[in-house]
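First comes the structure, then the notes that go with it.
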Amino acid sequence: MTAEITATALGTLDLSRASLALGGNVFGWTAGRDASYAILDAFVGGGGTMIDTADVYSAWAEGNRGGESETVIGEWLASRGRRDDVVVATKVSQHPEYPGLSAENIAAAARASLARLQTDRIDLYYAHFDDAATPLEETAAEFSRLVDQGLVREIGISNYSANRIDEWFAIAEREGLHRPVALQPHYNLMERGFEGELRAAAERHGLGVLPYWALAKGFLTGKYRDGATVDSQRAAQAGEYLDDRGRRVLAALDAAAEANDVPVAAVALAWLRDQPTVAAPIASARTLEQLEPLLAAMTLELTADEIAALSEASA
């Protein structure tokens, strides 16, 4: 039997006021402290409620160790007094000091994240990447234990296969554990592989889906076109989508953007939000200018014909 998915809720977490999550991967990396604060202020001021980060953000940047994004978010929460106004999601398994998903590591990493975030609970805690070296029974039990301890409100799964999701739920059923409520996969107009076995698993288990790279590494902002030069960390990756299919998608995005008088990126996010099982796309912004289409997407309602045209162009 397919579990019911409520698009505005992830277990006890209410997303009814805003159907988009702000990605925190840029905080402490391409967005400095002042820029990050301005973006967070504007996001919450514009009605946003969910902030998504991970303990590893941004260990890949020169001079960083991981945890920079959580630290910025925690300092912002403390300075603004907005903890009860937002849903904070973070992840474990990739931080250089806390790799993997053993029970001991999850417990230590969660407390480190709580300290950086300057909070007493993580609203949504994800297993960031599957850890084949650790028995899934051990991982599932420790996540459930954190819920029992009041340190985590809800459990999420990111980058897991459909089979491993089924296995996690079978363990939770057998052992009487708290079950995950959210799934975070790679999914957008240009990457639609999620629509097969993974979406079926989300439907089976009632998982609300929060896709990352919702703007295809920036391609779906519309900046990457023939003859355009974009100064961005991800320019080479985004440019790989500029083929015949990518051009068809851009044309469909342009048409819907013009009809609704909104930025192209807002259309791409609204399409994704309206797909089955999706609770909220995740998108980041390193400037206030980049935040504008994210805010616009939260209230944009595409017509059935516009959604169909975008789906056909990206098929």
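Source: prediction; values computed, not measured.
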| request: Evaluate the criterion salt bridge (charged side-chain N to carboxylate O under 4.0 Å, His left out) for residue pair Arg116 and Glu68; output intermediate values, then yes/no. | output: CA-CA 8 Å; Arg116 286 189 293 263; Glu68 288 78 15; over 6 Å; no

Any Lys/Arg nitrogen of [X] or [Y] sitting under 4.0 Å from an Asp/Glu carboxylate oxygen of the other?
X: Asp166; Y: Arg204; result: yes
X: Arg17; Y: Asp85; result: no
X: Lys217; Y: Glu240; result: no

Look at the side chain of [X] and the backbone N and O of [Y], then say whether any donor-acceptor pair between them is shorter than 3.5 Å.
X: Glu142; Y: Thr139; value: no
X: Ser144; Y: His178; value: yes
X: Arg248; Y: Ala251; value: no
X: Thr134; Y: Asp131; value: no
X: Ser69; Y: Gly24; value: yes
X: Asn260; Y: Val262; value: no
X: Glu191; Y: Tyr187; value: no
X: Gln118; Y: Leu114; value: no
X: Asn105; Y: Gly100; value: yes
X: Arg192; Y: Leu189; value: no

Mind checking whether [X] and [Y] have side chains closer than 4.5 Å, heavy atoms only?
X: Phe219; Y: Leu242; result: yes
X: Ile157; Y: Tyr126; result: no
X: Leu136; Y: Arg164; result: yes
X: Arg80; Y: Tyr37; result: yes
X: Asp123; Y: Arg83; result: yes
X: Tyr241; Y: Leu250; result: no
X: Met298; Y: Leu294; result: no

Around atom [atom1] of [X], are there more than 12 heavy atoms of other residues, nucleotides or ligands at under 6.0 Å?
X: Glu312; atom1: CD; answer: no
X: Gln149; atom1: CD; answer: yes
X: Arg247; atom1: CZ; answer: yes
X: Glu104; atom1: CD; answer: no
X: Asp148; atom1: CG; answer: yes

| task | Only one of Val87, Ile155, Val152 passes side-chain contact (heavy atoms from CB on, under 4.5 Å) with Ile122; say which it is. | result |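 So the option named by the test is Val152.
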
| task | Among Asn188, Asn25, Asn159, find the residue that satisfies the side chain to side chain donor-acceptor pair (under 3.5 Å) test when tested with Tyr212. | result |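 With Tyr212 as partner, side chain to side chain donor-acceptor pair (under 3.5 Å) holds for just one option, Asn159.
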
| Would a hydrophobic clustering, with Ile, Leu, Val, Met, Phe, Trp and Tyr connected at side-chain separations under 4.5 Å, put Leu146 with Tyr98? |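 No, because Leu146 and Tyr98 fall into different hydrophobic clusters, even though each may have its own neighbours under 4.5 Å.
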
| field | Hydrophobic cluster identity match, Trp213 and Phe129, side-chain contacts under 4.5 Å | value |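 Looking at the clustering, Phe129 is in a separate group from Trp213.
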
| Verdict with reasoning, Val249 to Leu220, per side chain to side chain contact (heavy atoms under 4.5 Å, CB included) | CA-CA 9 Å; Val249 170; Leu220 296 174; 3.9 Å; yes

| request: Give the C-alpha distance, both sets of side-chain angles, the deciding distance and a yes or no for side chain to side chain contact (heavy atoms under 4.5 Å, CB included) between Leu10 and Leu124. | output: CA-CA 9 Å; Leu10 300 172; Leu124 179 59; 4.1 Å; yes

| request: Any chance you could lay out the side chain to side chain contact (heavy atoms under 4.5 Å, CB included) test for Asp52 and Leu210, step after step, and finish with the verdict? | output: CA-CA 10 Å; Asp52 179 272; Leu210 298 99; over 6 Å; no

| said: Please evaluate residues Arg121 and Val88 with respect to the criterion side chain to side chain contact (heavy atoms under 4.5 Å, CB included), reporting the C-alpha separation (whole Å), side-chain torsions for both, the decisive distance (0.1 Å), and the verdict. | reply: CA-CA 9 Å; Arg121 82 277 186 192; Val88 177; over 6 Å; no

Quick check: [Y] with [X] (ring centres under 6.0 Å apart)?
X: Trp29; Y: Tyr57; result: no
X: Phe143; Y: Tyr125; result: yes
X: His186; Y: Phe194; result: no

| Which pair of heavy atoms, one from Leu300 and one from Ala270, lies closest together, and at what distance? |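 Of all heavy-atom pairs spanning Leu300 and Ala270, the closest is CD2-CB, 3.8 Å.
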
| query | Does the salt bridge (charged side-chain N to carboxylate O under 4.0 Å, His left out) test come out yes or no for Asp41 and Arg82, once each step is laid out? | reply | CA-CA 10 Å; Asp41 285 339; Arg82 303 301 298 262; over 6 Å; no

